Every structure is written in C-alpha cells, then in structure tokens.
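Because the structure is a prediction, the values reported are computed rather than measured.
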Amino acid sequence: MAEAITPRSQDYSQWYTDVILRAEVADYAPVRGCMVLRPYGFALWENIQQGLDKRFKATGHQNAYFPLFIPQSFLQKEAEHIEGFAPELAVVTHGGGEKLEEPLIVRPTSEAIIGYHYSKWIKSYRDLPVLINQWCSVVRWEMRTRMFLRTTEFLWQEGHTAHATFEEAEAETRQMLDVYDDFAAKEAALPVLKGRKSDSERFPGAMTTYTIESMMGDKRALQSATSHNLGQNFAKAFEIQYLDRQNELQHCWTTSWGMSWRIQGAILMAHGDDQGLVLPPRLAPIQAVIVPIYKEEVDRTPVLEAARRLKKSFEGSIRIHLDDREEHTAGWKFNEWEMRGVPVRIEVGPKDVAKNQVVLGRRDMPGKEGKKFVSQDGLTAAVQALLDEIQTNLYNKALKFREDNTREPKNYDEFKEAVAESFARAWWCGNAECEAKIKEETKATNRCIPLDQETSKSGGMCIYCGKAAKEKAIFGRAY
RNA sequence: CGGAGAGUAGCGCAGCCUGGCUAGCGCGCUUGGUUUGGGACCAAGAGGUCGCCGGUUCAAAUCCGGCCUCUCCGACCA
C-alpha cells in the first residue's frame, strides 16, 4: 500500500504539499524557499508557456531577454518602486573574489533594466509602440514561502510595452488582462474575476494595477496574473522619451504584465481532489494513458499489441502515454495516474480486444460513473470529444464553486461571517483605512474592484464606514 | 523576523525521557518464482556520516550549545 495523500478536509495545506511531492511535480531545493520543477511539472509549465506565448504573438508582441543582474542605482530611480521592493531584494556584493564597486541586484522584476534600454531605443513616435515580452525567472526574498505560490525564485513571463499616449497604454493593459482571462478560462479551466487593485494592493510604481483573481478549493483567493498601467512614472524615471509629430519631446506611457508559475498552484488547488491532481486536458502533460490488462499469459501479446496500435493511432493528435510496465498491476496504475491527474484513462483487456472496444475512464468523475465502453473505431475522435467535455466540466465546476461561495452581505456583521468562509462582494468607499481595518478585524483583504460593475445608478454605503460608495469590491482571505 | 512542531535507509515512522557494544519496523528497491478488469503474494537480499558543526563523557541517535532546512500560526509581501 502506497502512502496516502492527506484528505483536503483534514488539512488543506498538507494535501497541497503531498500532491505536489507525490505526483512528482516539484521538489524542495536545499536553499530556503527554492524549488525544483521536476519533468512532469516542467511539462505542465511548457504547455502553459505555449498557451500564453501564442496569445502574446497574436497580439503583436515579440520575445527578448534582459539580464539577471541590475545595477543597484537603476532600481533607485523610481521612488515607489524601490521602496516597494527594497525589503525583498537579493544583492550581489562580490564577484570574481573581489568586492564590487556597485552592488548588483538580482532582478525582482525588470522594469528598471528594461526602462534603461527603452530610453536608448526609443527616439521617435515612429519607434512606438514597443511590445516586448520575456520569459525568465526573478528573485524575491520572501519571509514565508510556499511551493509555487510564493517562492524565492520563480519562473514567469513579464511583458513590457511603451506607447505614445495614455489611451494606448491603457488599452494595452486591458488587452493583456483579457489575454490572461482567456488563457485562464480556456486552457487552465479557471474562472477568474477581472478587476482593479486598490491603491494599497497596487504594484509599486504603477498608476493602475489590474488583476485576475481565482478561488482555490479552500475558498481562498489567489492573484493569478497582473497587468499594470505604469503611466509615465517609469518613463520619467528612466527618461524614455520620443519626439512627436510636432517635433516636441514627450515621455512615453509604459505598461507591464506578468503571469508566473503560481498559476500552476492555482490549477492544482482549483481542480484537485482527495485522489490527487486533476489537470485540465489542454494543459495536461499526458492527456490520456493506456493501461493494458491481462490475466493469462496467452492474453498478453494480443492485449499489448492492441495497446501499441492504439497508442500509434493517437500520436500527433493527443498527448498519449502507454503504461506497459510489468512491475505494477492494472489497479495500481489506475491509482497512480489518477493521482497524477491524467484526464482520460484507456483500459484495454482481453475482453476489449475480442469486442474491438476499450474502457474509457474520466478523471473528473471517479469510479464506475466515469467509465464507459467505447468502440476502437473512431476512438481518437471519441477521446478528443471526451477531453473537451472534461475541460468544460472542470471550468463549470470551478465557476459554480466560486459562485456558491460568493456572498453579498448587507451589513458588517454579515460581512464578517461571509468573509470567514467565502468571498464577499460589498460596497467600498475607496478609503484605504476601511480596507486596513477590515483586514485587521477579519484577515480578509480587498482582492479587487471587479470591472463588470453593474453600474447601478446611485451606489451604496461602504460596508465598513457606511459612507457613500460608488463601487463594490471583492473581499476574501488570500494566499 | 516572533511563537509552535519536525529532521533517524528512497518514503512513513519507532528508539531519545533513564547514554552502552551488530540502530529497528512498515512500504518501496534488487533477484527468483507465482500473479494482473481498482493500490497482488512468497522467499532471499541490498541499502544508514541518526540534518550540520562543536561540547560533555570511558562511551552520544540519546545530554548541552550554535547553525541549516521543512511544516503550521503570526508580522511582511506582485
């Protein structure tokens, strides 16, 4: 009997850690807060990268690469930026056995170094817009770490763009938020709330920060990507300027936007169950696994031949794996691949070979309920259809879960109750003090001010102070 | 960084209080055989700087000090 995964109801955190380690997604590294992404986890990351990258290209962006080290002085050019990041910087003071003249920062994000280069590259309105993305890792010295959600070093992509006008920059910021939303919904099967961050939750140096927020299996919120309109703050700090048509010098308007491997944590926590991972078909490293079953030696060859033939028929259209290991029984393999989140299992036994059929099992429906007999003719199309169905089902399940766990409290007492075990959508006056008090008294933070406000005529009263409020915000406990 | 817990074979743990000579157990691993429609069984094996450094002692997994890492709760945080 293999070691069991801690049930989610017993200890959600432990479940999360168990699943990651046992499914061989990632492992701890010897350095505090650092993590090894194992092949299975990296394959998932590669699929995430592809899903995002093709969307970035489709919206006109190009990839580039900027260096890991940033001169300390660069970071200090934007006051709010340095203040925001100072406590979590890794600083290199020595190189080649010598003390460095100027310490180097290991990038916590690349606005500074990219801003420096943009100021060199951009001279004219004809050079705009500049639309660049980079895939890299960054380092932020975290006090308290957690696999994928908050690690010292993490993989991500950061887009950095420069524009001639505020309107263009704002449109870019919102466009990329939509790209993240689309990716989350279609690829990761994650329903997200699109919204604006309050001032206290804003990116250091940004004018406006937009976010997508998702709900995890324990009803806590996870910021899953952000898109920032940086205004002219960085353009002024780094002198990113261009000559407009009237031959007048103007500062650019810049944006930045990022999604990190934290999204993998979101996928694990939003879809997983007590058996382990449940991966959305579009991102799953293995979309379907074939498990051959044979009792008598005489059945072995025909079953394996059928399994190999099926595998071949899937190649090129579905990410398929044939588990023909001799050392494990079929039942053991069922459990193993369920734990690792493979969406579809294809069982082939002697009876199936005789009847030209297979048994399809779906990961999102455990047990007999999710099993059915399917003819081997046209199996590829049947599996493809099943994968699509699972993808949709996962999204709908997650959406229903979030909606079932989002409340609209009428007063602060109801709010306190709501926020202890769900999201709460409530009027908020915009005052940072109310936010801070709410956090202090309930541990819930202002996740975002949703963009899809039903612009109801008059507004309402702030859930905390009772003063006039124009917008509703989502509050919840967050990672 | 504060409070609490943990670190002994790949994994999970016992042993520590009350120091003692070859450090155990379950799972996994290796070999051979029987097995395979929801985590098979038998037999024989391999595998350990007891997290690291130092101290006490004739003798340390065990007692003392320091450090590292992980987990949980706080503070802090894109």
Using the six-membered ring of A:Tyr210, assess whether NZ or CZ of A:Arg174 lies under 6.0 Å from its centre and within 45 degrees of the ring axis. yes
Using a 4.0 Å cut-off on protein heavy atoms (strictly under), produce a 5'-to-3' string for nucleotides 69-77 of chain B with B for base contact, S for backbone-only sugar-phosphate contact, and - for none. SSSSBBB-B
When you compare B:G54 with B:C77, how far apart are their C1' atoms, in angstrom units rounded to a whole number? 37 Å
Check whether NZ of the Lys or CZ of the Arg A:Arg146 lies under 6.0 Å from the centre of the six-membered ring of A:Tyr479 and within 45 degrees of that ring's axis. no
Pairwise P distance for B:G65 and B:G5, with rounding to whole Å: 14 Å
Listed once per pair and sorted, the salt bridge (Lys or Arg N to Asp or Glu O under 4.0 Å) pairs that draw on residues 213-236 of chain A, sequence neighbours left out: A:Lys197-A:Glu213, A:Glu213-A:Arg447
Does NZ or CZ of A:Arg345 fall inside the cone over A:Phe334's six-membered ring, less than 6.0 Å from its centre and within 45° of the axis? yes
What distance, rounded to whole Å, do you find between the two P atoms, one in B:U35 and one in B:U71? 46 Å
Which nucleotide, in any strand shown, forms a Watson-Crick or G-U wobble pair with B:U56, with both distances under 3.5 Å? none
I'd like the P distance from B:C11 over to B:U56, given in whole Å. 34 Å
Checking base pairs now: Watson-Crick or wobble, both atom distances under 3.5 Å. What partners B:C72? B:G3
So that I can tick it off, tell me whether A:Arg55 and A:Asp182 are bridged by a salt bridge, with the cut-off set at under 4.0 angstrom between side-chain N and carboxylate O. yes
Under 3.5 Å, is there a donor-acceptor pair between the A:Glu158 and A:Ser110 side chains? yes
Would you give a per-nucleotide map of nucleotides 31-38 of chain B, 5' to 3', where B means the base has a protein non-hydrogen atom under 4.0 Å away, S means only the sugar-phosphate does, and - means neither? -----BBB
For A:Phe85 and A:His81, take the angle between the two ring planes, folded into 0 to 90°, and tell me which bin it lands in: parallel under 30, tilted 30 to 60, perpendicular over 60. perpendicular
When you check the side-chain N and O atoms of A:His228 and A:Thr209, is any donor under 3.5 Å from an acceptor? yes
Does the structure show a Watson-Crick or G-U wobble partner for B:C17, both distances under 3.5 Å? Name it, or say none. none
For nucleotides B:A14 and B:A9, find the distance between their C1' atoms and express it as a whole number of Å. 14 Å
Round to a whole Å and report the spacing from CE of A:Met339 to C1' of B:C11. 12 Å
Please state the C1' separation for the pair B:C68 and B:C25 - nearest whole angstrom. 29 Å
Searching all strands shown, indicate the nucleotide that pairs with B:U31 (Watson-Crick or G-U wobble; both distances under 3.5 Å). B:A43
When the distance from CD of A:Glu336 to P of B:C27 is rounded to whole Å, what number comes out? 18 Å
Which one is paired to B:U62, where only Watson-Crick or G-U wobble pairs with both distances under 3.5 angstrom count? none
Would you mind pulling out the nucleotide paired to B:C11, Watson-Crick or G-U wobble, both distances under 3.5 Å? B:G26
Taking atom types as modelled, find out whether A:Asp18 and A:Gln14 have a side-chain donor-acceptor pair closer than 3.5 angstrom. yes
Partner nucleotide, any strand, of B:G37 [Watson-Crick/G-U, under 3.5 Å]: none
Euclidean distance for C1', B:G45 against B:C53 (whole angstrom): 36 Å
Rounded to whole angstrom units, what separation is found between the CZ atom of A:Arg340 and the C1' atom of B:G39? 16 Å
Examine A:Trp261 together with A:Phe154 and report whether their ring centres are nearer than 6.0 Å. no
Atom P, compared across B:G47 and B:G55: separation rounded to whole Å: 31 Å
